[in-house]
Amino acid sequence: MKKAVQKRLTEYINKGEDKSLDEVEIEEVIKEEATYEVEASFTNDNEKEIASGILLSVGYDGTKGCAYAKLYNPENRKLFIWYDEEKTHRPYLLTDLSREELEKIPDVINHKGLIGFGEVEKYDPLRDQWVKMTKVIADDPLSIGGKPNSLRELLPSDQWGKRAWEAKIRYHHCFTYDNNLIPGMPYIEKNKRLQLIEVKIPENVKENLFNLLKSEDIEYGDILDRYLPVFLYPVPHIDRVAIDIEVFTPELDRIPDSKEAEYNIISAAFASTDGLNKVFVLRRANLENSKKVEDLPSNVEIIYFVVKKKMIKKFLNIINRYPIVITFNGDNFDLRYLYHRAIRLGFKKEEIPIELTKDEAHVKYGVHIDLYKFFYNNAIKVYAFGNAYKEVTLDTIAKALLGTSKVEIEKPISELSLEELAHYNYQDAKITLDLTTFNDNLTLKLIILLTRISRLPMEDLVRQGVSSWVKSLFYAEHRIRNYLIPRPEEITGLKGTVDTTPIIKGKKYKGAIVVEPKPGVHFNVVVLDFASLYPSVIKKYNLSYETVRCVHPECRDQKVPETNHWVCKKRRGLTSQIIGFLRDIRVKWFKPMSKNKNLPDEVRNWYSVVQQALKVFINASYGVFGAEHFPFYCLPVAESTAAIGRYAIMKTIKKAKELGVEVVYGDTDSVFLKEPGEEKIRELIRWSSGELGIELDVDKVYRYLALSQRKKNYLGVFNDGSVDIKGLTGKKRNTPIFLQKAFMEVVRVLGEVKSVEDFEKAKEKIREIAQECYRKLEERKYSLEELAFKVQLTKPLKQYVKTTPQHVKAARMLAAQGKDIRPGDIITFVKTRGVPGVKPVQYASIYEIDIEKYKDHIRTTFEQILDALGIDFSEIVGIRSLDMFI
DNA sequence: GCGGACTGCTTACCT
DNA sequence: ACAGGTAAGCAGTCCGCG
């Protein structure tokens with residue numbers, strides 16, 4: 001910085017005139033303009049470079065008018081953007097109209113984007129016949145679909161809609177499938193096309209797997225050969241940077257508007273896998289003399305900026321340097337704010353390597369992964385991370401998966417000292433990065449494997465739900481087999497019937513069976529369950545949209561129980577085959593291998609990731625057929641899966657009873673057996689695989705199991721004394737902490753029970769716990785925090801129109817005080833006397849607490865356990881309650 | 001005008 | 001934007017009550 005400028009700046013700072021900084025900046029900007037070039041280190045401008053590397057992403061470049069691919073070369077750690085410059089592939093749709101018929105449609109012939117027609121032969125799975133289709137080829141994706149005068153809209157209709165097939169597939173996906181590209185795999189450019197770099201699979205592995213699958217009664221054809229590289233090619237190291245920004249806010253509790261970008265980015269933090277640990281901090285005059293923060297790691301460098309524009313330029317340069325940019329909520333906030341802020345400060349669009357769509361933010365020279373969206377995905381939350389985090393916030397996820405949390409701050413962001421701000425900001429970036437690196441890069445590996453299986457570009461994969469993943473996988477498999485992808489209307493039109501009535505109003509068909517529990521304490525209970533029941537059913541009973549209610553009259557006697565549906569006897573269904581394959585290879589190979597102690601840790605770890613990725617697809621495979629927006633939506637498939645599932649569990653219960661074994665409970669795919677004995681368990685398992693063709697396994701063994709009359713509600717104690725709790729209120733996230741604690745004490749007591757006699761002592765201890773709970777409540781010894789209910793808002797406040805639940809009442813009080821309240825927020829409130837009976841914890845006093853309401857809650861929480869033990873709640877607190885009446 | 005029986009809404013959980 | 005089934009608490013409605 002020039003001396004003169006510095007001097008003036010110091011003067012301003014000393015005077016505390018923040019506004020005057022702008023003038024200084026203008027001088028700075030003029031002087032340093034020459035250095036404001038974007039320093040891109042991507043390499044597609046180097047003509048001699050050969051495109052090769054891991055395929056991270058495929059997209060469409062509107063300016064160049066062709067598809068592109070982003071390849072990351074782990075050796076030189078650079079990203080290469082390859083373009084289909086020769087236009088080897090063009091957008092198209094398929095129609096059953098002949099070329100001659102098409103030529104009679106003037107709008108089609110005169111369409112600006114039309115390139116020409118071609119002829120293809122496809123297998124129509126719905127009708128079990130080969131058909132000739134005409135390929136209508138266009139110059140750009142919008143000519144195919146997406147505009148009112150697109151080609152697909154100009155075609156005539158039949159009873160199911162426009163006579164256009166495969167016309168709604170995004171072009172960059174279409175390009176991926178047709179070129180048989182597998183994102184996440186290594187490619188090299190050859191003759192203007194991308195070619196898969198051959199992955200050597202050890203012969204013995206191949207043979208092992210081949211033999212394992214051969215024992216199955218399904219013909220898997222070339223699937224094994226195609227997928228082995230996908231599962232076995234390792235994920236290389238990929239450099240990445242996590243970014244996080246902090247923005248000045250004049251008002252508390254207001255999230256800055258990322259479109260307005262009215263205020264300064266006062267801090268921007270970076271944490272990368274190649275050692276970049278920096279925080280850019282904007283100097284603000286009134287915050288000059290601030291204290292040092294001890295906790296900031298020594299490898300983190302704080303760089304102070306005076307010139308806002310310069311800071312942003314440096315920021316953009318960092319974004320340009322990495323193949324992967326990671327954020328937590330960057331789609332809606334960080335990158336969006338940065339973009340609009342840059343525009344506000346005078347940057348031209350072309351200078352900002354960020355591209356915004358309605359709810360996504362992409363980086364031009366790499367791939368932006370918004371971890372918020374990825375971790376928000378329920379399939380990831382449940383199947384990949386086993387429900388370890390319940391709330392989707394950076395802090396909660398970090399605590400659950402990393403064991404670290406955000407920096408605690410006592411003041412609003414805008415009032416922190418610059419060092420405190422830097423520390424806080426850096427920690428967020430670091431946590432964000434660590435969410436992709438922890439456990440030997442588990443998250444990144446998972447993402448790469450999921451892109452390989454789904455064939456989705458990484459950007460799409462991390463933002464979309466499982467139904468999109470399965471859709472993409474199915475599309476690709478249709479193309480490989482030369483199957484015509486049916487129009488969704490055809491599937492619903494031809495097989496839209498449902499034969500069962502759901503138990504829950506508003507649902508579409510009947511689901512699983514929950515066995516009426518036998519209340520009481522049962523010792524020595526063994527739980528048997530079907531290993532992934534629904535996928536097994538889909539595999540074993542040949543379920544697929546084309547095989548359920550197939551066209552052949554001779555198959556109509558192959559009935560699905562409880563329905564009028566029948567299943568094809570002549571052909572293997574596509575879904576049955578694919579899901580069957582994924583299931584078999586997981587169950588027979590990857591899952592056992594992930595537990596094989598003879599393997600080195602790395603190998604085992606890898607098998608474990610593959611196994612988890614497969615689980616996500618397998619578990620979603622049933623639900624998607626009952627989801628309207630899924631393009632292969634087919635209720636008879638979902639309904640048949642559930643019906644056969646019910647058949648399996650009912651038959652198993654019947655068989656158990658025949659063997660003289662008592663079934664005390666069961667849910668969907670499990671049976672709880674009382675003192676069954678080794679031999680009868682073996683017999684049941686043998687019977688199941690023989691009779692039903694589905695594997696039954698021992699899942700859990702309880703020393704004792706406590707059941708009330710409530711379904712989905714039990715407490716089991718394993719032989720080692722650990723306790724398995726399902727569905728009980730005491731464990732629910734919204735239950736006040738004081739009750740959760742009391743509940744946990746009860747659980748601890750019950751864990752020590754070994755025999756019937758022990759229950760007497762336990763009962764006495766539980767009585768003490770309950771009475772202590774009552775006493776502390778009456779004496780108002782609990783803090784408001786401990787008494788608070790924590791309930792999530794699932795939609796915007798305005799959308800609660802039918803009723804006003806308590807947490808909404810509390811949230812509205814908060815909103816009235818100017819708090820920013822949005823969906824996903826957890827509202828913390830206590831129950832108070834009088835109207836409206838509820839207050840946000842922040843506004844309540846301990847003396848307003850409605851003690852009677854809380855007593856009711858104590859009662860129900862305890863009753864759930866006591867019911868099962870055959871103890872009356874009044875028996876436990878009876879004396880005290882009577883006292884109160886007198 | 002008030003409370004009990006009922007239905008519906010909402011959330012969190014189970015498989 | 002994968003499915004259906006269950007528990008719990010509260011909001012809102014209807015009806016009877018001289």
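Comparing dA7(C), dT11(B), dT10(B) by their nearest atom to the side chain of Lys802(A) picks out dT10(B). Among dA11(C), dG4(C), dC14(B), the nucleotide with an atom closest to any side-chain atom of Lys809(A) is dA11(C). Nearest nucleotide to the side chain of Lys853(A), out of dA12(B), dA11(C), dC10(C): dC10(C).
Residue contacts for Tyr800(A): at a heavy-atom cut-off of 4.0 Å it reaches the sugar-phosphate backbone alone, with no base atom in range. Using a 4.0 Å heavy-atom criterion, one finds that Lys471(A) contacts no nucleic acid atom at all. Among the protein residues, Gln792(A) comes within range of the sugar-phosphate backbone only, with heavy atoms under 4.0 Å from sugar or phosphate atoms but none that close to a base. Contacts of Ala638(A) with the nucleic acid, taken as non-hydrogen atoms under 4.0 Å apart, are absent. Within 4.0 Å (heavy atoms only), Ile503(A) reaches sugar-phosphate atoms of the nucleic acid but no base atom. Across all strands shown, Thr860(A) has heavy atoms under 4.0 Å from sugar-phosphate atoms exclusively, and none from any base. If you check every strand for non-hydrogen atoms under 4.0 Å, Phe789(A) touches nothing. Across all strands shown, Gly511(A) has heavy atoms under 4.0 Å from sugar-phosphate atoms exclusively, and none from any base. Among the atoms of the strands shown, none is found under 4.0 Å from any heavy atom of Phe625(A). Counting non-hydrogen atoms under 4.0 angstrom, Thr794(A) reaches the backbone sugars and phosphates but no base.
Cation-pi contact between Lys495(A) and Tyr545(A): absent, since separation from the ring centre below 6.0 Å together with deviation from the ring axis within 45° is not met. In this structure, Lys795(A) satisfies the cation-pi test against Tyr800(A), with its NZ or CZ atom closer than 6.0 Å to the six-membered ring centre and inside 45 degrees of the ring normal.
Both Asp667(A) and Lys505(A) lie close to DNA chain B; mapped to their nearest nucleotides by heavy-atom distance, the more 5′-ward contact belongs to Lys505(A). In terms of position on DNA chain B, the residue among Gln799(A) and Phe672(A) whose nearest nucleotide sits closer to the 5' end is Gln799(A).
Side-chain polar atoms of Thr547(A) and Ser544(A) form no donor-acceptor pair below 3.5 angstrom.
Remark: of the listed residues Lys540(A), Lys539(A), Lys591(A), Lys539(A) is the sole one forming a salt bridge (Lys or Arg N to Asp or Glu O under 4.0 Å) with Asp584(A).
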